[in-house]
Amino acid sequence: MSQTLYVTCMVSAGLFEGEFYVTVKDSAVYVDRGKVRVDATPNNGDKIKGQVIAYFIEEKSDQVLVELPGEPVVGGLRAWVPKGDLTYAQTA
């Protein structure tokens, strides 16, 4: 079983109460709030740093291809990110 993986992202308010607008590199998606970690909820127009659940697809050198959950707005659901932008959820 694989561990839950998070990738660093920018987070804004979504169109609906239960979602965030998340940007990772050149991809932007609407994601369920339960799949995003933030220190505070962004207000309309605010962009804050956060982390979104991501699914590991492929690894090359210092980059990892991840797939994001949600509905794509800009680009696709996949993005190449530096390994340093990834963290694993802590297990109990």
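The analysis underlying the following values was restricted to heavy atoms, covering all of them including side chains, and did not include hydrogens, waters or symmetry mates.
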Problem - Hydrophobic cluster identity match, V81 and V73, side-chain contacts under 4.5 Å - result: no

Heavy-atom nearest pair, P72 first then G76, reads CB-C, 4.4 Å

_Do V74 and D26 make a side-chain contact, defined as non-hydrogen atoms from C-beta onward lying under 4.5 Å apart?_
no

Donor-acceptor pair, distance only, cut-off 3.5 Å: does the side chain of R33 make one with the backbone of E17? yes

On a heavy-atom basis, the closest approach of R37 and T87 is NH2-OG1, 3.6 Å

- Message: Donor-acceptor pair, distance only, cut-off 3.5 Å: does the side chain of S27 make one with the backbone of L77?
- Response: no

Let me see the working for L65 and R78 under side chain to side chain contact (heavy atoms under 4.5 Å, CB included), right down to the final yes or no.
CA-CA 7 Å; L65 180 63; R78 292 184 176 186; 3.9 Å; yes

From the list D85, V52, L86, side-chain contact (heavy atoms from CB on, under 4.5 Å) partner of T8 resolves to D85

Nearest heavy-atom approach of Y21 to A13 is CB-O, 3.7 Å

Look only at the side chain of K83 and the backbone of S61, and say whether a donor-acceptor pair between them is shorter than 3.5 Å.
-> yes

Give the cluster check for V29 versus L15: same hydrophobic cluster or not, with ILVMFWY residues linked at side-chain heavy-atom distances below 4.5 Å. no

query = Are I48 and V24 co-members of a hydrophobic cluster defined by side-chain heavy atoms under 4.5 Å apart?
reply = yes

- Query: Any side-chain heavy-atom pair from F56 and V66 closer than 4.5 angstrom?
  - Reply: no

Closest non-hydrogen contact found for Y30 with G14 is CE2-CA, 4.1 Å

**Request:** Report yes if the side chains of K25 and C9 come closer than 4.5 Å at any heavy-atom pair, otherwise no.
**Result:** no

Checklist entry - Can any side-chain N or O of Q63 pair as donor or acceptor with the backbone N or O of E59 at less than 3.5 Å? => result no

Closest heavy-atom pair, P42 versus F20, reported as atoms and distance to 0.1 Å, is CD-CE2, 3.5 Å

Q) Shared ILVMFWY cluster between W80 and Y6, side chains joined below 4.5 angstrom? A) no

In sequence, state the C-alpha distance, the side-chain angles, and the governing distance for V36 and V22, and then conclude on side chain to side chain contact (heavy atoms under 4.5 Å, CB included). CA-CA 9 Å; V36 181; V22 172; 4.0 Å; yes

Connected via hydrophobic side-chain network under 4.5 Å: V7 and L5
yes

| task | For the pair S12 (side chain) and K47 (backbone), establish whether a donor and an acceptor sit closer than 3.5 Å, ignoring hydrogens and angles. | result | no

